[in-house]
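For reference, the structure discussed in these notes is given below.
Here the structure is a predicted model, which means the values were calculated and not measured. Order of the sequence lines sets the chain letters (A, B, ...), proteins ahead of strands, with each chain counted from 1.
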Number of protein chains: 2
Amino acid sequence: MQFSKSTDYALHALLHLGHPDRHHNVGIKELSATLGVSESYLSKIMSKLRQDGIVRAVPGVNGGYELARPAEQITFLDVIQVIEGRQQMFECSNSKSQQHQLLAEEGAAQPDRKRPGQGECLVEQVMEGAQQHLYQYLREHTIQSVLDEAFKRRHQEANKK
Amino acid sequence: MQFSKSTDYALHALLHLGHPDRHHNVGIKELSATLGVSESYLSKIMSKLRQDGIVRAVPGVNGGYELARPAEQITFLDVIQVIEGRQQMFECSNSKSQQHQLLAEEGAAQPDRKRPGQGECLVEQVMEGAQQHLYQYLREHTIQSVLDEAFKRRHQEANKK
DNA sequence: TTATTATGGACATCACATATCTATAATAAA
DNA sequence: TTTATTATAGATATGTGATGTCCATAATAA
């Protein structure tokens with residue numbers, strides 16, 4: 001139950017691209033050097049981000065990457081789902097087992113067979129609730145919000161002195 | 001970024017043990033048959049739960065497992081942490097890279113070197129916030145709360161008829 | 001046309017989840 | 001005390017995904 005390193009790389013790369021006084025594309029060389037990751041590996045990640053419309057890529061001289069939309073419209077959830085995929089965080093593997101029948105209708109004398117697909121797993125439902133909570137939080141944090149926080153701190157630092 | 005099947009098995013096994021009209025230990029055979037998982041594999045999981053004090057185990061004739069404490073004191077978070085471990089969900093792998101220095105003190109003329117360990121990664125901080133949100137939700141849901149929900153539904157079902 | 005840069009495929013490696021089998025220890029019943 | 005039963009721990013196997021490298025190709029601007 002851990003986020004992959006790729007997600008880490010992706011988030012940091014986007015922060016770099018979102019840096020305000022940057023007016024040109026950023027090549028994989030610069031990104032790679034800044035993050036301390038190999039060019040080979042990082043380009044795979046950037047390709048994914050491009051395929052999902054998070055960044056734009058330009059080949060050729062002076063090419064590189066740039067954000068495809070404003071940094072405040074790139075949420076943590078966006079990035080995570082591109083890299084980690086969009087599967088459910090939890091899947092109940094024994095929906096057909098005796099367990100669910102016991103929980104759903106245990107002791108119930110009447111065999112009520114009118115709603116077939118209704119037997120959803122209660123464990124799964126709790127976990128889906130957890131996922132929704134997590135996702136909501138991740139939607140509320142964006143590349144821009146991190147940049148803002150960084151600059152706010154730098155400012156506080158300067159004032160304190 | 002997915003929970004393992006083992007977590008699924010553990011949660012369902014505990015639901016079985018927490019079932020109210022159960023007054024004796026439950027052997028691995030019964031658990032295995034109910035969940036549709038092999039005895040070998042499930043016993044590994046049960047051993048972990050025992051080592052962490054979630055269940056008690058009794059060998060020998062009429063032995064088996066039982067909850068080590070009331071079902072309302074066994075949270076989803078407890079179970080998940082036993083099975084998945086207690087590492088952070090996210091770790092920033094490049095705390096020493098140029099990236100953080102840029103974000104932390106970019107443009108800052110004064111080399112402020114008084115607080116050494118303060119340079120925490122802002123991405124990591126967001127992700128830790130996410131984790132805390134998730135954990136809070138998982139702490140609020142217990143084996144008992146799922147059982148309650150199951151019986152509530154069964155009751156509604158009976159009344160509707 | 002050329003140098004530069006991104007892209008995609010193939011490949012290698014390692015860690016981990018999943019799973020099985022077997023020998024051993026502990027316990028209750030006989 | 002013996003025996004049957006049950007949990008436990010170790011060794012092992014296997015597949016899958018994360019991480020990472022290398023190389024050939026395509027696209028683009030100078």
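Mapping B/Pro59 and B/Glu84 onto DNA chain C via the closest heavy atom, the residue that lands nearer the 5' end is B/Glu84. Each of B/Val61 and B/Tyr65 was assigned the nucleotide of DNA chain D with the nearest heavy atom; the assignment lying further toward the 5' end belongs to B/Val61. Nearest-nucleotide positions on DNA chain D place B/Val26 closer to the 5' end than the other of B/Val26 and A/Phe3.
The nearest whole Å value for the distance from the CD atom in B/Gln2 to the P atom in C/dA17 is 13 Å. Atom CZ of A/Arg50 and atom P of C/dT5 are 18 Å apart (whole Å). Summarising the geometry, the separation between NZ on A/Lys29 and C1' on C/dT5 is reported as 8 Å, rounded to the nearest angstrom. Look at CG on A/Leu17: it is 11 Å from P on C/dA6, rounded to the nearest Å. Across the protein-nucleic acid pair, A/Ile28 atom CD1 and C/dG8 atom P stand 13 Å apart, rounded to whole Å. Protein atom NZ of B/Lys48 is 19 Å distant from nucleotide atom P of D/dA7, rounded to whole Å. Distance B/Tyr41 OH to C/dC16 P: 14 Å, rounded to the nearest Å. For the pair A/Ile45 CD1 and D/dT19 C1', the interatomic distance rounds to 9 Å; values are reported in whole Å.
In this model, the phosphate group of D/dT8 is not approached by any side-chain N or O of B/Gln51 to a distance below 4.0 Å at OP1 or OP2. Remark: A/Ser38 is not in phosphate contact with D/dG20, judged by side-chain N or O atoms under 4.0 Å from OP1 or OP2. The phosphate of C/dT18 has OP1 or OP2 within less than 4.0 Å of a side-chain N or O from B/Ser6.
In this structure D/dA13 sits in a base pair with C/dT18, meeting the Watson-Crick or G-U test at under 3.5 Å.
B/Ser4 comes within contact range of the sugar-phosphate backbone alone, with a heavy-atom separation under 4.0 Å but no base atom that close. A/Tyr9 comes within 4.0 angstrom of sugar-phosphate atoms only, judged by non-hydrogen atoms across all strands, and of no base. In this structure, B/Lys44 reaches the bases: a heavy-atom distance under 4.0 Å links it to at least one base atom across the strands shown.
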Audit row: B/Phe90, A/Leu11, side-chain contact (heavy atoms from CB on, under 4.5 Å) steps and yes/no: CA-CA 12 Å; B/Phe90 184 92; A/Leu11 287 167; 4.3 Å; yes

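Inspection of the A/Ser6 and A/Tyr41 side chains reveals an N or O donor paired with an N or O acceptor under 3.5 Å. At a cut-off of 3.5 Å, with distance as the only test, no side-chain donor of B/Asp148 or B/Ser145 sits close to an acceptor on the other residue. In this structure, a donor-acceptor pair under 3.5 Å is absent between the side chains of A/Gln132 and A/Glu128.
When distances are taken from the side chain of A/Ser40 to each of C/dA6, D/dC22, D/dA30, the shortest belongs to D/dC22. Of the candidates D/dG20, D/dT8, C/dT7, the closest approach to any side-chain atom of A/Lys5 belongs to D/dG20.
In this structure, A/His133 has its ring center no closer than 6.0 Å to that of B/Tyr135.
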